[in-house]
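Report on the structure given below.
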Amino acid sequence: MIERWVGETAEIIYLDRHGQLSQRVIEIRSVKDGRASVYCHKAGAQRVLIVANILSARRKGKTHGKEA
């Protein structure tokens, strides 16, 4: 799903390693081997997310240095 959205911004629902759900806006940098390297606006930092734990995703658009 999000593999096609590299370079774009998406809003996701994510299940973290503690079983907690969170809603995040992310900029997708790369996707490889079931992991997504993203910039997470909620955390204000780079994160690596497990793609299988992304329960829902909505594309927001291209990333051009600012949130789309």
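We count residues from 1, following the sequence as given.
Rounded to the nearest 0.5 angstrom, Arg59 CZ and Ile28 CD1 are separated by 8.5 Å. Annotation: the span from Ser22 atom OG to Asp16 atom CG amounts to 6.0 Å, rounded to 0.5 Å. Remark: Ile12 CD1 to Ile54 CD1 distance equals 4.5 Å, nearest 0.5 Å.
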Under the side chain to side chain contact (heavy atoms under 4.5 Å, CB included) rule, what do Arg47 and Ile26 come out as? Steps first, then yes or no, please.
-> CA-CA 9 Å; Arg47 294 286 187 255; Ile26 60 170; over 6 Å; no
Chi angles and distances behind the side chain to side chain contact (heavy atoms under 4.5 Å, CB included) call for Glu3, Lys32 = CA-CA 8 Å; Glu3 294 84 358; Lys32 183 177 178 183; over 6 Å; no
In sequence, state the C-alpha distance, the side-chain angles, and the governing distance for Val38 and Ile2, and then conclude on side chain to side chain contact (heavy atoms under 4.5 Å, CB included).
-> CA-CA 11 Å; Val38 306; Ile2 68 165; 5.6 Å; no
Given the rule in the side chain to side chain contact (heavy atoms under 4.5 Å, CB included) test, do Thr9 and Val25 qualify, once you have shown the distances and angles that lead to the verdict?
-> CA-CA 7 Å; Thr9 301; Val25 174; 3.6 Å; yes
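Nearest heavy-atom pair, Val6 versus Ser30, reported as atom, atom and distance to 0.1 Å: CG2-CA, 4.2 Å. Arg24 and Leu49 get closest at one heavy-atom pair: NH1-CD2, 4.5 Å.
Side-chain contact check for Gln23 versus Lys42: every heavy-atom pair is 4.5 Å or farther apart.
The ring pair (Phe, Tyr, Trp, His ring centres under 6.0 Å) check on Tyr39 picks up His41, with sequence neighbours excluded. Ile50 is linked by a side chain to side chain contact (heavy atoms under 4.5 Å, CB included) to Tyr14, Arg35, Ala52, Asn53, counting only residues two or more places apart in sequence or in another chain.
Under a 4.0 Å N-O distance rule, the pair Glu8/Lys60 does not qualify as a salt bridge.
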